[in-house]
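Convention: sequence-line order gives letters A, B, ...; per-chain numbering from 1.
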There are 2 protein chains.
Amino acid sequence: MDEASFLAGYDPRAYPSVAVTVDVVALTIRDGKLCVLLVERGEQPFAGHRALPGGFVREETLDEAALRELAEETGLTSGEAAGELDRVHFEQLRTYGNPGRDPRMRIVSVAYLAFAPHLPEPTAGSDAAHAYWVPVEEAKDLAFDHDQILADGLERARDKLEYTPLATAFVGTDFTISELRQVYAAVWGEELHAGNFHRKVLSVPGFVESTGETAARGGERGGPKAKLYRAGDARLLHPALLRPTREDRVR
Amino acid sequence: MDEASFLAGYDPRAYPSVAVTVDVVALTIRDGKLCVLLVERGEQPFAGHRALPGGFVREETLDEAALRELAEETGLTSGEAAGELDRVHFEQLRTYGNPGRDPRMRIVSVAYLAFAPHLPEPTAGSDAAHAYWVPVEEAKDLAFDHDQILADGLERARDKLEYTPLATAFVGTDFTISELRQVYAAVWGEELHAGNFHRKVLSVPGFVESTGETAARGGERGGPKAKLYRAGDARLLHPALLRPTREDRVR
DNA sequence: TTGAGTAAGACTCAGGTTGAGTAAGACTTA
DNA sequence: TAAGTCTTACTCAACCTGAGTCTTACTCAA
């Protein structure tokens with residue numbers, strides 16, 4: 001039965017009311033670690049627990065609701081700072097709506113995944129004072145089913161790194177191959193062979209293009225100045241950068 | 001802002017009410033063609049148009065709602081026939097909730113993807129009399145944003161065939177490699193090299209396992225009796241069966 | 001019954017991609 | 001200045017790929 005025939009034959013008020021929210025899994029890399037944006041809960045249920053940022057959907061698209069929530073939580077709502085959000089990659093993750101996931105009422109939550117190059121620490125004193133970046137391995141015991149949502153988001157992020165140029169959303173407009181490799185290492189949680197990574201990135205058409213420039217200085221502990229690149233126009237990587245196979249992913 | 005702080009600070013009734021539905025993109029293969037289950041709309045809006053089956057979410061999980069809708073539309077609700085639904089693969093596709101996607105009220109729809117080996121034609125006289133299987137290339141001008149939902153579902157199906165043993169959900173419990181190849185050909189819309197496909201399927205650990213049996217007869221127009229296989233225990237295919245690269249997928 | 005056509009499945013081969021390793025040279029800090 | 005780090009380029013063997021050939025087993029129609 002589709003929406004229309006339902007509406008013709010049933011009274012929507014015969015069913016319990018449902019609320020629709022968005023929750024955002026916002027990821028960034030800080031100090032070489034993959035971090036997620038969390039908010040501190042002050043009220044029951046789950047008072048004292050941390051949760052993913054989110055909120056009710058208003059008269060706006062779901063995408064707009066997710067972007068608005070992220071902007072509010074990071075404090076990036078005003079003019080200049082809001083421009084940083086332009087470089088954030090946004091995509092819908094999946095929807096969570098089991099009865100009982102919120103103890104108070106039926107809430108269907110559309111989860112989003114956001115990848116940010118380097119958003120500032122939410123500033124104290126603002127609306128966003130209760131939000132902060134947490135390394136993903138420390139993000140446990142979240143409120144509601146947010147542990148599951150975070151886990152699903154991380155899995156999606158790791159997958160998309162293989163087939164899409166998503167990693168370029170985590171670095172600045174100009175970056176070195178080494179910086180890009182550190183993104184993969186942080187998200188996948190394992191080191192990559194620098195030489196092979198270099199070869200593969202440059203062999204994928206449209207992944208990166210040279211700026212002709214060179215980094216201002218070498219690495220922190222030595223090494224030559226690396227060449228600078230910017231994101232190319234590819235939307236899919238071919239061939240893909242497959243992560244080292246793990247048998248436990250297969251069965 | 002998360003759900004709890006919203007609920008504490010705002011009155012949900014201050015926002016327009018939102019209804020939550022599920023829509024199902026149910027795919028099967030009939031006569032070598034990929035087909036989708038559609039229902040005929042008798043009422044405005046979109047009277048005379050076809051639509052994806054779907055309906056309101058009740059006191060059940062989203063997954064249960066999608067399964068229930070599919071069962072109702074196909075008429076597979078009673079004892080024995082309902083068993084056929086056990087072999088249907090189900091997964092959430094994505095959620096569509098733009099204001100205005102339904103002209104009457106704000107409706108957020110969680111779309112599901114279903115893959116069925118060979119569900120019967122919905123029988124006339126039942127509740128499902130207005131539902132039927134349509135080859136996907138003939139499924140145009142659907143109601144609401146269902147063209148988009150179908151397109152997204154097809155893209156997902158084509159992708160998942162590469163990395164997962166999903167194709168086995170389209171065939172019987174016992175099948176030949178050739179039948180499996182025809183599934184790939186139907187979903188991807190292109191012929192595959194029989195020898196290479198054979199080699200690759202058998203080389204992927206856990207994709208298929210031999211039954212030791214042989215098909216009762218050869219192909220319709222000749223050829224030897226093929227060996228029979230059943231689905232293995234792999235959940236991811238490694239190495240993947242990548243479809244022939246198309247440049248237009250990349251940029 | 002036989003011959004033509006079809007398909008399953010095993011094989012070959014050239015070309016490309018892979019992970020692993022080596023090496024030269026540019027740069028850092030101590 | 002010395003020791004260590006890092007980018008980048010290279011080599012190599014192993015593997016995977018698409019394209020094609022071949023044998024054998026079967027169906028169908030004459």
> Taking NE2 from H238(A) and P from dG16(C), how many angstroms apart are they, rounded to a whole number?
Replying inline: 13 Å

>> Reading DNA chain D from 5' onward, which residue's closest nucleotide shows up sooner: A240(B) or H193(B)?
In response: A240(B)

> Hey, which of these two, L242(B) or P224(B), hits DNA chain D nearer its 5' end, going by closest nucleotide?
Replying inline: L242(B)

> R243(B) has an atom CZ; how far is it from atom C1' of dT17(D), in whole Å?
Replying inline: 18 Å

> Which class fits the ring pair H89(B) and F115(B): parallel under 30°, tilted 30 to 60°, perpendicular over 60°?
Replying inline: tilted

>> With a 4.0 Å limit, can you tell me whether S178(A) has a side-chain N or O closer than that to the phosphate oxygens OP1/OP2 of dT7(D)?
In response: yes

> Rounded to the Å, how far apart are F197(A) CZ and dT18(C) C1'?
Replying inline: 15 Å

>> Side chains of D174(B) and T211(B): any donor to acceptor distance under 3.5 Å?
In response: no

>> Without decimals, in angstroms, what is the distance between E220(A) CD and dA30(C) P?
In response: 12 Å

> What does G218(B) touch in the nucleic acid at a heavy-atom separation under 4.0 angstrom: a base, only the sugar-phosphate, or nothing?
Replying inline: sugar-phosphate

> For I177(A) and dT7(D), what is the distance between atoms CD1 and P respectively, to the nearest whole Å?
Replying inline: 10 Å

> If we call it a pair only when both distances are under 3.5 Å in a Watson-Crick or G-U wobble match, what pairs with dA25(D)?
Replying inline: dT6(C)

>> Using whole Å, what does the distance between atom P of nucleotide dG16(C) and atom CG of N196(A) come to?
In response: 18 Å

> Are OP1 or OP2 of dT8(D) and a side-chain N or O of H198(A) less than 4.0 angstrom apart?
Replying inline: yes

> For Y96(B), which of D152(B), D23(B), D145(B) qualifies under side-chain hydrogen bond (donor to acceptor under 3.5 Å, both in side chains)?
Replying inline: D152(B)

> Does dC6(D) have OP1 or OP2 sitting under 4.0 Å from an N or O in the side chain of K225(A)?
Replying inline: no

>> Any carboxylate oxygen within less than 4.0 angstrom of a Lys/Arg side-chain nitrogen, looking at E190(A) and R243(A)?
In response: no

> Between dA9(D), dC6(D), dT12(C), which one does the side chain of R199(B) approach most closely?
Replying inline: dT12(C)

>> Expressed as a whole number of angstroms, how long is the span from L202(A):CG to dT18(C):P?
In response: 13 Å

> Does dT29(C) have OP1 or OP2 sitting under 4.0 Å from an N or O in the side chain of R217(A)?
Replying inline: yes

> Of all the choices, dA25(D), dT6(C), dT8(D), which nucleotide is nearest to the side chain of R221(B) once you look at every atom?
Replying inline: dT6(C)

> What integer distance in Å separates L192(A):CG from dC6(D):C1'?
Replying inline: 16 Å

> Are any of R181(B)'s side-chain N or O atoms less than 4.0 Å away from OP1 or OP2 of dA8(C)?
Replying inline: yes

> Is there a ring-ring contact (aromatic ring centres under 6.0 Å, His included) between F197(B) and Y184(B) once you walk through the steps?
Replying inline: CA-CA 10 Å; F197(B) 182 85; Y184(B) 278 86; 5.4 Å; yes

> Considering Watson-Crick and G-U wobble pairs with both distances under 3.5 Å, what does dA30(D) pair with?
Replying inline: dT1(C)

> Does the separation of the ring centres of Y163(A) and Y163(B) fall below 6.0 angstrom?
Replying inline: yes

> Quick one: is K227(A) getting a side-chain N or O under 4.0 Å of the dA26(C) phosphate, OP1 or OP2?
Replying inline: no

